[in-house]
*Asks:* 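Okay, handing you the structure first.
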Amino acid sequence: MMEPTLPYNRKDSKSIEAYAQRLLNKSLRVVLGSQIKQTYSGKGKLGQILEDLYFQYKPNSESEADFQEAGVELKTSPLKKTTKGFTSKERLVFNIINYEEEHTKTFKTSSFWRKNKLLLLMFFLYQQGIEDLDYIFKIIHLWEFPPTDLKIIEDDWQKIISKIKAGKAHEISEGDTLYLGACTKGANNKSLRKQPFSTEMAMQRAFSLKSKYLNYIIGKSLPSERIVKDTKEYKKGESLEDIVKKRFIPYYGLSEDEIIAKLKLPKSKAKSRFYLIAKAILGVKKEKIEEFEKADLALKTIRLEHSGALKESMSFAQIQYKEILNESWDDSYWFNTLTKRFLFVAFQKDENGEPRLKNIMFWTMPVKDLEVAHAYWLDTKRKIAKNDFSHFIKISDDRICHVRPKGINSKDLMETATGAMEKKMCYWLNSSYIKEIIK
DNA sequence: GCATGATCATGC
DNA sequence: GCATGATCATGC
């Protein structure tokens with residue numbers, strides 16, 4: 001029998017994504033119009049209408065992904081708008097955990113991983129009182145778990161499985177895990193299931209991605225903008241780095257005020273304003289630089305004194321006290337950060353103390369320094385594991401990196417693996433090291 | 001509210 | 001002058 005002609009290639013994940021993206025900033029009612037014959041109501045209907053009317057496929061076996069040939073699982077999830085922008089309204093729920101079955105699997109053969117390797121995420125803006133059909137889709141894209149995150153998800157899965165194996169399925173809690181949770185599922189707490197290694201009935205639970213991790217995905221999906229808008233801008237033999245260098249040339253020697261006047265930027269008092277200026281010079285207004293994201297480039301600014309002295313060390317993200325314990329070096333935040341290629345943009349104070357754009361340079365950390373950073377990371381991780389938060393490597397230890405506070409103030413705390421609260425700290429590169437680099 | 005990209009402030 | 005701890009404005 002002839003297959004019906006679909007408006008997309010269901011064997012090709014990119015084609016499915018492209019077709020899905022036609023819904024961006026639209027609602028199903030607007031796109032489907034008169035094709036909607038019946039009325040839909042209740043939970044989970046949005047996904048069903050999408051499948052039936054928009055993607056025009058019949059659901060296949062439950063243990064396989066929705067678009068089986070392409071290995072793509074379709075997931076819709078609500079967003080809410082806060083002062084922080086879009087954040088996830090609730091966790092993203094996957095399949096119910098079959099306690100009798102799941103423990104016989106490995107992560108790679110697990111029900112979760114078989115179905116959810118590649119997700120087509122369709123986030124819509126939730127609004128109270130309106131029909132599912134009228135929700136506006138705000139973020140639509142294919143999501144593949146980065147290796148760093150997958151490691152944590154796999155550990156989470158193992159943690160859930162080990163409780164089942166210990167006959168403690170009834171003691172599973174969402175607090176056990178970091179990204180992948182086992183959330184309760186059922187009308188009430190009388191939704192109980194049997195478990196294999198205990199006679200005690202356990203709450204029915206499903207795999208889910210926690211809200212916090214979803215917010216990370218949403219953040220990753222924030223609008224980015226290309227530096228090079230038209231491929232014609234690439235002249236023969238020119239690289240992205242060449243273009244970047246060229247973009248900065250007209251601004252060398254100019255002061256902060258002169259640059260913001262030239263670029264018509266608002267005056268800012270933020271400590272990060274030189275970073276924003278550098279981004280504006282590259283012609284990017286949105287949050288992320290597409291080429292930098294794709295090529296794993298990091299933009300960092302450096303401020304020099306008039307004498308050429310460098311006062312400040314370079315700060316990075318906060319140390320996630322729980323996550324770091326689950327990281328291995330290869331998938332750690334610090335390794336992933338330091339193995340990026342850096343674009344340093346240096347400003348130097350003139351004789352009046354006014355910062356002027358001095359120059360830029362691309363840089364990659366040498367392997368031997370990366371080894372020092374590895375030792376630092378191991379030391380930090382070991383101390384966190386021992387609950388020692390007061391003897392981290394200091395700048396005076398002169399080992400390329402150090403640990404130092406980073407919070408809104410000294411009362412800004414983060415929960416540790418043991419449930420204690422500790423002052424937020426972050427990863428730093430020593431000023432002396434930066435100074436060596438730019439010399 | 002909170003992480004980010006940072007710089008400021010203090011004490012020795 | 002440097003090490004260390006504290007804090008800022010911003011965007012989302």
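Reminder, nothing fancy here: chain letters follow the sequence lines and each chain counts from 1.
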*Asks:* Is it the case that A:Asn430 and A:Ser313 place a side-chain donor and acceptor less than 3.5 Å from each other?
*Replies:* no

*Asks:* Taking only N and O in the side chain of A:Arg404, is any of them less than 4.0 Å away from OP1 or OP2 of C:dA3?
*Replies:* no

*Asks:* If only side-chain N and O atoms count, and only distance matters, is there a donor-acceptor pair under 3.5 Å linking A:Asp369 with A:Tyr433?
*Replies:* yes

*Asks:* Are a donor atom and an acceptor atom from the side chains of A:Ser111 and A:Glu102 found within less than 3.5 Å of each other?
*Replies:* yes

*Asks:* Is there a donor in the side chain of A:Tyr234 and an acceptor in the side chain of A:Asp242, or the other way round, less than 3.5 Å apart?
*Replies:* no

*Asks:* Residues from residues 372-402 of chain A sitting under 4.0 Å of DNA chain C, heavy atoms only?
*Replies:* A:Lys394, A:Ile395, A:Ser396

*Asks:* Without decimals, in angstroms, what is the distance between A:Lys406 NZ and C:dA9 C1'?
*Replies:* 13 Å

*Asks:* Between A:Lys300 and A:Phe342, is NZ or CZ placed under 6.0 angstrom from the six-membered ring centre and within 45° of the ring axis?
*Replies:* no

*Asks:* Which heavy atom in A:Tyr321 sits nearest to a heavy atom in A:Leu325, and how many Å separate them?
*Replies:* O-CG, 3.6 Å

*Asks:* Between A:Lys267 (NZ) and C:dT10 (P), how many Å, whole number?
*Replies:* 12 Å

*Asks:* Distance check needed: C:dG11 C1' versus A:Asn215 CG, whole Å only.
*Replies:* 14 Å

*Asks:* Would you kindly give the CD-to-P distance between A:Glu287 and C:dT10, to the nearest whole Å?
*Replies:* 15 Å

*Asks:* Just how far, in rounded Å, is P of B:dT7 from CZ of A:Phe347?
*Replies:* 10 Å

*Asks:* Compute the bend angle of the helix from B:dG1-C:dC12 to B:dC12-C:dG1 from the end axes (five pairs per end), rounded to 10°.
*Replies:* 30°

*Asks:* Side chains of A:Lys138 and A:Asn25: any donor to acceptor distance under 3.5 Å?
*Replies:* yes

*Asks:* Cation-pi check, A:Lys117 to A:Phe145: give yes when NZ or CZ is under 6.0 Å from the six-membered ring centre and within 45° of the ring axis, no otherwise.
*Replies:* no

*Asks:* Provide, to the nearest angstrom, the distance between the CG atom belonging to A:Asn409 and the P atom belonging to B:dG1.
*Replies:* 13 Å

*Asks:* Is a salt bridge present between A:Glu241 and A:Arg341, judged by a nitrogen-to-oxygen distance below 4.0 Å?
*Replies:* yes

*Asks:* For A:Phe274 and for A:Lys212, locate the closest nucleotide of DNA chain B by heavy-atom distance; then report the residue assigned to the nucleotide nearer the 5' terminus.
*Replies:* A:Lys212

*Asks:* If you take any heavy atom closer than 4.0 Å to DNA chain B, which residues from residues 353-365 of chain A end up in contact?
*Replies:* none

*Asks:* For A:Tyr216 and A:Tyr213: C-alpha separation, side-chain torsions, deciding distance, then whether ring pair (Phe, Tyr, Trp, His ring centres under 6.0 Å) applies.
*Replies:* CA-CA 5 Å; A:Tyr216 160 78; A:Tyr213 187 73; 5.3 Å; yes

*Asks:* Tell me, which pairs form a side-chain hydrogen bond (donor to acceptor under 3.5 Å, both in side chains) where one or both residues lie in residues 171-182 of chain A, sequence neighbours left out?
*Replies:* A:Arg91-A:Glu174, A:Lys163-A:Asp176

*Asks:* So, applying side-chain hydrogen bond (donor to acceptor under 3.5 Å, both in side chains) with A:Ser328, which one of A:Asp330, A:Asn326, A:Asp331 is it?
*Replies:* A:Asp331

*Asks:* Enumerate the residues from residues 305-338 of chain A whose closest heavy atom to DNA chain B is under 4.0 Å, giving them by residue number; use none for an empty result.
*Replies:* A:Glu312, A:Ser313, A:Ser315, A:Ala317, A:Gln318

*Asks:* List in numerical order all residues of residues 413-436 of chain A for which some heavy atom is under 4.0 Å away from an atom belonging to DNA chain B.
*Replies:* A:Lys424, A:Trp428

*Asks:* Side chain to side chain donor-acceptor pair (under 3.5 Å) between A:Glu51 and A:Tyr57: does it pass, once the steps are laid out?
*Replies:* CA-CA 6 Å; A:Glu51 291 178 0; A:Tyr57 70 80; 3.3 Å; yes

*Asks:* Verify whether one side chain among A:Glu354 and A:Ser255 offers a donor that lies under 3.5 Å from an acceptor in the other.
*Replies:* yes

*Asks:* C:dT7 P sits how many Å from A:Asp412 CG, rounded?
*Replies:* 10 Å

*Asks:* Please report the distance, rounded to the nearest Å, between OH in A:Tyr275 and P in B:dT4.
*Replies:* 11 Å

*Asks:* Taking any heavy-atom pair under 4.0 Å as a contact, classify A:Arg273: base, sugar-phosphate, or nothing.
*Replies:* nothing

*Asks:* Tell me which one of A:Phe112, A:Phe207, A:Trp157 satisfies ring pair (Phe, Tyr, Trp, His ring centres under 6.0 Å) with A:Phe94.
*Replies:* A:Phe112

*Asks:* Ignoring backbone atoms, establish whether A:Lys300 has a side-chain N or O less than 4.0 Å from OP1 or OP2 of B:dA6.
*Replies:* yes

*Asks:* Please evaluate residues A:Tyr333 and A:Tyr427 with respect to the criterion ring pair (Phe, Tyr, Trp, His ring centres under 6.0 Å), reporting the C-alpha separation (whole Å), side-chain torsions for both, the decisive distance (0.1 Å), and the verdict.
*Replies:* CA-CA 10 Å; A:Tyr333 165 80; A:Tyr427 302 91; 5.2 Å; yes

*Asks:* Of the options A:Ile49, A:Val31, A:Leu53, which is the one that meets A:Leu133 in a side-chain contact (heavy atoms from CB on, under 4.5 Å)?
*Replies:* A:Ile49

